[in-house]
Each structure stands twice: as C-alpha cells, then as structure tokens.
Amino acid sequence: MRQCPGRYVHGEGIPVGGTEARDGKGAAGSAGDAGGTGSAGGTGSAGGTGTTGGAGDANGPGGPPAPGGTADGAKVPAALTTPRGRRPVVAALMLGMALAAIDGTIVSTAVPQIVGDLGGFTVFSWLFSGYLLAVTVTLPVYGKLSDTFGRKPVLIAGIILFLVGSLLCAAAWNMGALIAFRVIQGLGGGALQGTVQTIAADLYPLKERPRIQAKLSTVWATSAVAGPVVGGLLAGYADWRWIFLINLPVGAIALWLVVRHLHEPARPRPKTRPRIDWAGALAVFATGTLLLTALVQGGIAWPWLSAPSLGLFAASAALAALTVVIERRAAEPIIPGWVWRRRTIASVNLALGAMGLLMVAPTVFLPTYAQSVLGLGPIAAGFVLSVMTLSWPVSAALSDRVYNRIGFRLTAIIGMSAALLILLAFPLLPYPGEPWQPALIMLLLGAALGLFQLPLIVGVQSTVGWAERGTTTASVLFCRQVGQSIGAAVFGAVANSVLAARLLDAPAPGLPDDLDAVARALEDPGALSAAATDHLRRAVDAAVDHVYIGAAGAAALALLALVVLAPRRFPVIAETATTEPMIAETTTTGPVTAQTVTTEPVNAEKDGKQGPAA
C-alpha cells in the first residue's frame, strides 16, 4: 500500500531567517507607511543607549520596539543578542522544525500497519489530508497572534498542542479517532511552521542569516531522507504507535529550551487591550477547510463535476466573500488588507504560491516515475528525489552572496528562470533512461529553487517591522501551502487524463486507467504480459512528462508575478549601526518611547540607498 500520488502534499521548503537589532546602539525605527507603525530602536547587549522610536508617517503611532532593544533604553536579554545566547534558542527552533518537517514522511511508510490494526482503508487518506488542512488554515491565525501577543507564547502553545495530539494519536482506538487526533497535531504544526521561521527572522540580521539558514535547512533535508526510514523501522520492528510517541521527548526538550532561553524584549503596554478577531479567524478557518477539502478529495472521493465538488467550491467562494467583509470591518484583522496592497508582499505571495504549485511534480510524481518507469525500489526511488534536498539548502545558504550584489528580485528571477529550463528538460529524458538522469535534474532543480525561495522570503521579511513580521511570514507560508494543494489536484487530474488517453489502445483488455492503479499493477509484473507492462510504463512516462510541463507553466507564472508586480528593489527597513549609517534628526532630552524622526533607511540589498517604496 502506498501514499497515492497527487493526493497528499506536505510543506516543502527551506526555513528562512530575518532581522534583529544587533549588539550596540539600536537604530531608529523606520516610518510606517500610510498609518502604519514604526519600530523603535533599542540597546544591544553592549549596553548602548537606545535611539528614538519611529513614528507612522500618516497618523500612525510609534510602534513597538524591534527585537534587540526597547525604546526606553532597557537592556535586552542576552539570549537575543549574543551568539552564545542564541545557541539554545536555535537548538529549540531546529527541534521544533523537525517535529513539523518529519511528521508527514514518517507516517506515510506505516500506513499498511496502521490500516491493518485499526481498519478504515476507505478513509486513511485523511491521515494526511486532515493534518495538511489544519496546518494550512491556521497559519494566518498564528501569524497575527504572534504579532499581537509575542512569538514565545504562540510557540509554546503550538509545541504543547502538537505533543498532546501526538500522545492522543498513539492512543487512538480506531481510524476515526486517529484522524481527529491528527487534526489536533496539525493545529500545533501550524504554530510551529510559522512561528519558528518568524523567530529566526527576529534573531538574525540580514548579513548573518546564512548562518541560521544552513542550520535550519538541514532539518528539512534530513527529515526528507530519515522520515521514511525511521517510520518503516518503527512500524516493522516495534509498533506504529511509536511513530507518534517519539515526538514527546523531542518536543519536551524544545519546550524546555524555549521556556528557559527565549526572552523577548519588553514592549510598551498598548493603550487599549488587544482585540482578537475571532470572527475573522473562524471565517478564514472555514474557508480554507472547505476549499482544501474540495481540492484534496476532488477526483478521488468523488468526480470533479459532481455535486459534492461543486457544492464545496461554491461554499468556499461564498465564505471567501464573507471573510473579506469581516476582515474589512475588523479593528485587528487576521489577514490585514495591507498584505495584498503592498506590491512587495503581494508579489512574493503569488510567486511562492506558484512555486508550491510546481513542487508537486517532483515531490509527488517523481517517486512513482522512478518505480514504475525506471523499475527502482522504494529506497532507490527516494534517493532520486532526495538529491534535491541536498542542493537546495546549500544554494539557499550561499544565495546571500548573490542578492547582496544584485538584489532580492533579480536573484529570484535568475533562480526561477533556471528552474523553468530544468523542468522543461525533464520531458526530453530518454525512455526508459538511467536513474542518474532524473537525479541530476532534481539536483539542479534544488539549486535553482534555493536561489529563488530564500531571497524572496528574507527580502519580504526585511521590508516589515517586528509588529508585522509574523503576519507577513504566515501569509507567505499560507500561499505556498495553498499552491501545493491546488497543484496536487490539478496535476493529479492531468496525469490521470493522459493515462486514460494512452490506455485506450492498450494491447490487453482490463488494464487500469489511473496512476495509482497502474503503479500497483506494475509492482506485480508477472501478472501482465511484456507488451502490456511496456505499454503501462510508457503511459506513466507520458503522464509524468505532462505534469512537468505543467510545472514549467507554474514557474512561468512565478516569473510573471516578479516581473510585473514586484518592485525593482525591495524597500528594506534599515537595521542598525552595523550597516550603513542612517541620517536622522532627533530632538530629545532623555529616554522616550516614541519620537518623530526623519530617516533615510539603509537598503541592505545593494548600495546603502533606499529603493522606491512598494
């Protein structure tokens, strides 16, 4: 039994870092745009005095202090400012990321044992779909909560929720209970994915982000390779319930490190009590759940043009319209309008949504291609895919040497242009070919996507202050996850339609006509004639070729979003005195919480001058 291609897509990506105030004297916060909030400067661990806080340039109040200091000159906890103090926090982030990254891959290999023990073969797909839905739809909610109440409480709540879900999964008594508990796990996983990346952005300034990238990126690469192996070993030699129980010690260590070592700087108490947009959160959750359910189950549990599919799409469209109305009226919306009004953020969201779309081709369909066309075993097929996870983090960690010279946008355009050419090269591979040929394609694709994704997320995180970074990061991850879900539905339909067309003139009657059934039939070649086996393999080859052509189309959409919508230079907020000096005029006789300043923020992209506002 296998995880069916085109159905379940888990987040694939390389974690990114962000900015923080460095040691020494904090810089003045940049002005908010159109009523936004400026970030106040602060002191680093060296004990320099904080400069004045930024103010909104159109009735916007001065914002909260940026990480690294407080506006009144209070000393910042060393955990956020010194490399030694950051080490336990980084260790906690890596462990938390590992919990979310390995969860999907480790469960997939134990499905036969789980179904054999609990039953529920007809609904086991929701072990993956339920988790994916919960992670995706909660990302915007956790992003807003982290901006409102701080990263630490949200991360702690996410770890606890994930561990409670893991414990419940290990105690599940039937498939229905296990699916419900997987949803609880996903609710915690959404907090882990978004908040870990936001904290990484708070910890490291722009020049030091390759350091955290090299560490966090290895978590995804290791999880992709180790997850299936560990899951198979536990299911085969122990019990599938240990797949969930091993999360408990890992999560407990991460939780202790976060509680003990993560110290967020004090922020000014708001004049009014923060209000949580519960109506907006519920509307976002309901809209995302219906939409993703339609995408995940359409063409599998029911036909695309059936009443369930059409009803779910219609309901999700209606709820989306209602969500827009609610968010426009909310004082503190879960998904603020500025996420889509700012060109930089909107273009990055669309570009990474398109990247999520194209990622379905290698992560879902390549293993089936390797086994069905090349005749490789599961482990060898996994290696063909895993080489992409080797080149991706290396390329991402070195991308700063490129974007520091030519800018974020142009670096991402180069990376996606290379990915487009690489995806178009896949259909040119010979039939049946050698395993090293698709492996080389994946190695190059990982390098290209690492050069594309990291500069965009680092760049977009650097255009916002502390109070908006969580929401911005969550919107990027949300769009990428939705793109993957759309890609799974669209490319699954493309693959099955190509298979059905190719099998109309099959040399033997009764051959399967969908990708899952074909893959299962090819696992037992003795049941088919040589001609029928060759015909099925050629049909799978043609189907995967069409999927890669579709992925190339998604790459073209990402390029279009960058070329048409993205500003030529991202409006990066100035960091601190370790970058180019800021030009500031202040009038102050003592520590204040916020003052109006005239600044020219440093553009960390290229030459120390601010690019045009987005």
Pairing residues for Phe478 by the ring pair (Phe, Tyr, Trp, His ring centres under 6.0 Å) criterion, not counting sequence neighbours = none

remark   = All heavy atoms of Val250 vs all of Ile246, minimum pair found to be CG2-O, 3.5 Å

ask   = Looking at residues at least two apart in the chain, or sitting in another chain, which of them share a ring pair (Phe, Tyr, Trp, His ring centres under 6.0 Å) with Trp256?
value = His261

task = Might you point out which heavy atoms bring Arg537 and Val373 nearest each other, and give the distance in Å?
result = O-CG2, 3.6 Å

Separation of Trp240 CH2 from Gln113 CD (nearest 0.5 Å) = 11.0 Å

Note: Asp202-Arg469 ion pair, threshold 4.0 Å (strictly below) = yes

key: Ring centre gap for Phe426 and Tyr369 strictly below 6.0 Å   = yes

task = Answer with yes or no whether the side chains of Ser146 and Thr195 bring together a donor and an acceptor at under 3.5 Å.
result = no

request  = Any side-chain hydrogen bond (donor to acceptor under 3.5 Å, both in side chains) involving residues 136-145? Give me the pairs, sequence neighbours left out, ordered by first then second residue.
outcome  = Lys144-Glu332

Considering all heavy atoms, the nearest Pro367-Val364 contact = CD-O, 3.7 Å

request  = Taking side chain to side chain contact (heavy atoms under 4.5 Å, CB included) as the test, write out the residues that go with Val137, two or more places apart.
outcome  = Phe285, Thr289, Leu292

Cut-off 3.5 Å, no hydrogens considered: what does the side-chain donor-acceptor table look like for residues 168-180, sequence neighbours left out?
| from | atom 1 | to | atom 2 | distance (Å) |
| --- | --- | --- | --- | --- |
| Asn174 | OD1 | Gly176 | N | 3.2 |
| Asn174 | OD1 | Ala177 | N | 2.7 |

message = Minimum heavy-atom separation for Ala495 and Ala543, please, with both atom names.
response = O-CB, 3.6 Å

Residues Gln461 and Thr473: side-chain donor-acceptor under 3.5 angstrom = yes

query = Among all residues two or more places apart in sequence or in another chain, which pass the salt bridge (Lys or Arg N to Asp or Glu O under 4.0 Å) test with Asp545?
reply = none

